[in-house]
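Because the structure is predicted, anything quoted here is derived from the model rather than measured.
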Amino acid sequence: MKVGFLLLVVCLAVASPATAQIYTWHDAQGTLVLSDRPHEQGQIPTYEVYGGSKTIRATKALAISSKSIQYDASIREHASRNGLSPELVRAVIQVESAFNPNAISPKGAMGLMQLMPATATEYGVRNPFHPEQNIGGGVAYLKHLLDRYNNKIELALAAYNAGPGNVEKYGAVPPFKETQSYVKRVTGAAPAAPPNTIFKWMDLVDGHPVMRYSNAPPPTGAYEVVGKR
């Protein structure tokens with residue numbers, strides 16, 4: 001039990017590098033809960049973690065973080081190679097498969113980024129259950145969709161979920177409950193930019209460079225943090 005507890009503490013430390021403390025409380029069954037987020041009712045003290053409890057569980061947020069750690073290097077590599085935000089890629093994987101490399105959907109989508117067989121073949125993924133190959137193919141496909149829809153992230157995500165044909169048909173996020181929920185879940189899972197940060201980047205409009213400023217970074221390409229509001 002002590003070994004398991006220490007491993008959990010290590011995962012918590014890696015998942016929340018900005019702080020050495022976590023929120024802890026006991027649930028109705030007397031189980032000690034460890035979380036990187038405060039209890040929803042608030043007023044829960046923050047403690048350093050140390051051994052001694054016989055029964056411990058982690059919140060869903062921490063479980064997700066610990067699952068993603070082993071794929072982080074691959075996510076960052078392929079996101080950088082394609083000019084995407086690693087946070088966006090991580091959010092897509094979370095919603096698609098909850099970081100289960102062996103996931104198979106009822107429609108036949110496979111692996112971490114839930115690639116359909118035709119998509120896997122198109123992007124050279126020989127084994128869709130191999131995390132590195134799956135992430136590489138999924139990120140390249142997501143980049144293709146972002147380029148196709150002029151970096152409109154909602155349309156790219158809708159196409160990733162429902163297919164480009166449906167996006168073309170409606171000229172917007174299709175009116176499918178599943179697809180609309182998917183887009184909201186992915187954009188909601190991607191962490192927001194630090195408050196009041198201003199980002200600057202260059203867009204091409206009708207062949208002419210146009211400087212853009214926003215409190216959110218672009219979904220693709222290089223940008224510069226120029227200050228605070």
Side-chain angles (χ1 to χ4, degrees), residues 11 14-15 17 61 63-168 173-174 178-179 181-193 199 201 203-204 216-223:
C11 288
V14 175
I64 290 170
S65 297
S66 63
K67 286 181 181 179
S68 70
I69 290 171
Q70 60 186 308
Y71 308 116
D72 197 60
S74 182
I75 289 170
R76 290 184 177 279
E77 176 186 349
H78 289 289
S80 175
R81 184 180 301 171
N82 288 275
L84 301 189
S85 160
E87 288 76 18
L88 174 61
V89 175
R90 200 173 288 112
V92 168
I93 295 175
Q94 170 56 39
V95 174
E96 287 286 352
S97 68
F99 289 93
N100 177 5
N102 300 310
I104 304 177
S105 79
K107 296 180 180 179
M110 301 171 286
L112 290 170
M113 297 192 73
Q114 290 290 275
L115 301 179
M116 293 297 289
T119 303
T121 299
E122 180 180 356
Y123 286 88
V125 178
R126 294 185 177 181
N127 180 3
F129 300 108
H130 187 284
E132 178 74 18
Q133 293 184 35
N134 190 286
I135 292 172
V139 172
Y141 180 49
L142 183 58
K143 167 64 173 174
H144 164 75
L145 294 174
L146 284 162
D147 288 343
R148 178 169 180 165
Y149 297 108
N150 298 315
N151 290 332
K152 294 179 180 177
I153 189 169
E154 290 82 4
L155 294 184
L157 291 173
Y160 196 97
N161 176 259
N166 282 311
V167 174
E168 303 295 338
V173 176
E178 176 190 339
T179 300
S181 173
Y182 175 85
V183 172
K184 290 180 180 179
R185 288 169 64 199
V186 173
T187 55
F199 299 89
W201 68 94
D203 268 349
L204 285 178
T220 65
Y223 60 83

Quick one: are His78 and Leu84 in side-chain contact, heavy atoms under 4.5 Å? no
Glu168 meets the salt bridge (Lys or Arg N to Asp or Glu O under 4.0 Å) criterion, sequence neighbours left out, with Arg148
Within the 4.5 Å heavy-atom criterion, are Tyr123 and His144 side-chain neighbours or not? yes
ask   = Any idea how Tyr71 and Phe99 line up, ring-wise: parallel (<30°), tilted (30 to 60°), or perpendicular (>60°)?
value = parallel
- Item | Tyr149-Glu154 side chain donor-acceptor pair, cut-off 3.5 Å | no
Q. Going by heavy atoms in the side chains, are Leu142 and Leu88 under 4.5 Å from each other?
A. yes
Q. If you measure only the distance, is there a donor-acceptor pair under 3.5 Å linking the side chains of Glu132 and Ser74?
A. yes
- Do Leu115 and Met110 have side chains that get closer than 4.5 Å, going by heavy atoms? no
Using atom types as modelled and distance alone, determine if a side-chain donor or acceptor of Glu96 lies under 3.5 Å from a backbone N or O of Gln114. no
To the nearest 0.5 Å, atom CD of Gln94 lies from atom CD of Glu87 at 14.0 Å
(Q) Do Tyr141 and Glu122 have side chains that approach each other closer than 4.5 Å (heavy atoms only, starting at C-beta)? (A) no
**Prompt:** Got Val92 and Val139 here, is their nearest side-chain heavy-atom distance under 4.5 Å?
**Reply:** no
Exam field: side chain Ser80 to backbone Arg76, donor-acceptor pair closer than 3.5 Å: no
For the side chain of Asn150 and the backbone of Lys152, is there at least one donor-acceptor N/O pair under 3.5 Å apart?
no
Under 3.5 Å, is there a donor-acceptor pair between the side chain of Asn134 and the main chain of Phe129?
no
To the nearest 0.5 Å, atom CD1 of Ile69 lies from atom CD1 of Ile75 at 11.0 Å
Heavy-atom distance under 4.5 Å between the side chains of Ile93 and Ile135, does that happen here? yes
